[in-house]
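Okay, structure first, notes after.
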Amino acid sequence: HPKQSTITSFFTKL
Amino acid sequence: MFELRLEQGSLLKKVMEAIKDLVNDANFDCSATGFSMQAMDSSHVALVALLLRSEGFEHYRCDRNISMGINLANMAKILKCAGNDDIVTVKADDGTDSVTFMFESPTQDKISDFELKLMDIDSEHLGIPEAEYDAIVRMPSAEFARICKDLSSIGDTVVISVTKEGVKFSTRGDIGTANIVCRQNTSVDKPEEATIIEMKEMVSLTFALRYMNSFAKATPLASQVTISLSSDLPVVVEYKIAEMGYIRFYLAPKIEE
């Protein structure tokens, strides 16, 4: 099963 | 102080209906540029970015940048009290811990005001990089909503694939599988009925349908939706808000381990 990634693994915190 | 006036108050109602189930609390940022908000859902899988440009309002005044922490369910409750044809004014004084919503009926015979308490919200602002997307699909928003709803009766995830043939939405579940292909179609009478596919690279990504169905609550805001896909990025599902700005939903893909 594919695993759900998160937004924070793509976009960095400012 | 901060004050905005929107004759088409129904627009704010629609915006709230589109995001209130996805995000609990958010900071609304008011600046000379406009009224904006960025927030993630509680599991950090989806992000919503809203912009309503100052030029789009009948009146917009922002003496200095302010950030208003708001519980979206409560703001939606208040906006539900506005009539669809009401003119909406949103007002906050510097240094106060509340924001006032005023609703005026078009004939000015009913004027209501609601004060909503602001809250301190620790929100992380994310930098969203400008990206070149592998494929961009523009299609009728109602069609996209229908596809997500139909597929979620079969499975939990959708594979969105863009090829030369078109855009394919696929799912599988206990009862079987489903595939819906939409081809480019520009030969329609009305531009809002067109499906336009710009593809640089073939792309195929897997997403949770639950979120797509949540995004589709923005359908009343725009007749078209834009879906931007790249193999190593969250998908962007964008609804333009007439002349004013946009609501963009970013959804992190499901990735094969």
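Each chain gets a letter, A, B and so on, in the order the sequences are listed, and its residues count up from 1.
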is_close_aromatic(Phe11(A), Tyr250(B)), centroid dist under 6.0 Å: yes
Interface moiety of Ser43(B) toward chain A, non-hydrogen atoms closer than 4.5 Å: backbone
Spatial distance of atom CD (Gln38(B)) from atom CG (Leu14(A)) [nearest 0.5 Å]: 7.5 Å
Ile255(B) vs Ser5(A) side-chain heavy atoms within contact, under 4.5 Å: yes
Exceeds 12 heavy-atom contacts within 6.0 angstrom, atom CG of Asp120(B): no
Any side-chain heavy-atom pair of Phe207(B) and Pro2(A) under 4.5 Å: no
Smallest separation among heavy atoms of Gln4(A) and Ala252(B), with atom names: NE2-O, 2.8 Å
Check: Lys13(A) and Leu126(B) side chains under 4.5 Å, non-hydrogen atoms: yes
Toward chain A, the part of Asp41(B) with a non-hydrogen atom under 4.5 Å: neither
Enclosure of Lys200(B) NZ (heavy-atom neighbours >12, cutoff 6.0 Å): yes
Which portion of Glu256(B) sits near chain A, non-hydrogen atoms under 4.5 angstrom: both
Nearest-0.5 Å distance that lies between atom CE in Met40(B) and atom OG1 in Thr6(A): 8.5 Å
Any Pro234(B) side-chain heavy atom under 4.5 Å of Ile7(A) side chain: yes
Spacing of Asp156(B) atom CG and His1(A) atom NE2 [to the nearest 0.5 Å]: 9.5 Å
More than 12 heavy atoms from other groups under 6.0 Å of CE on Met1(B): yes
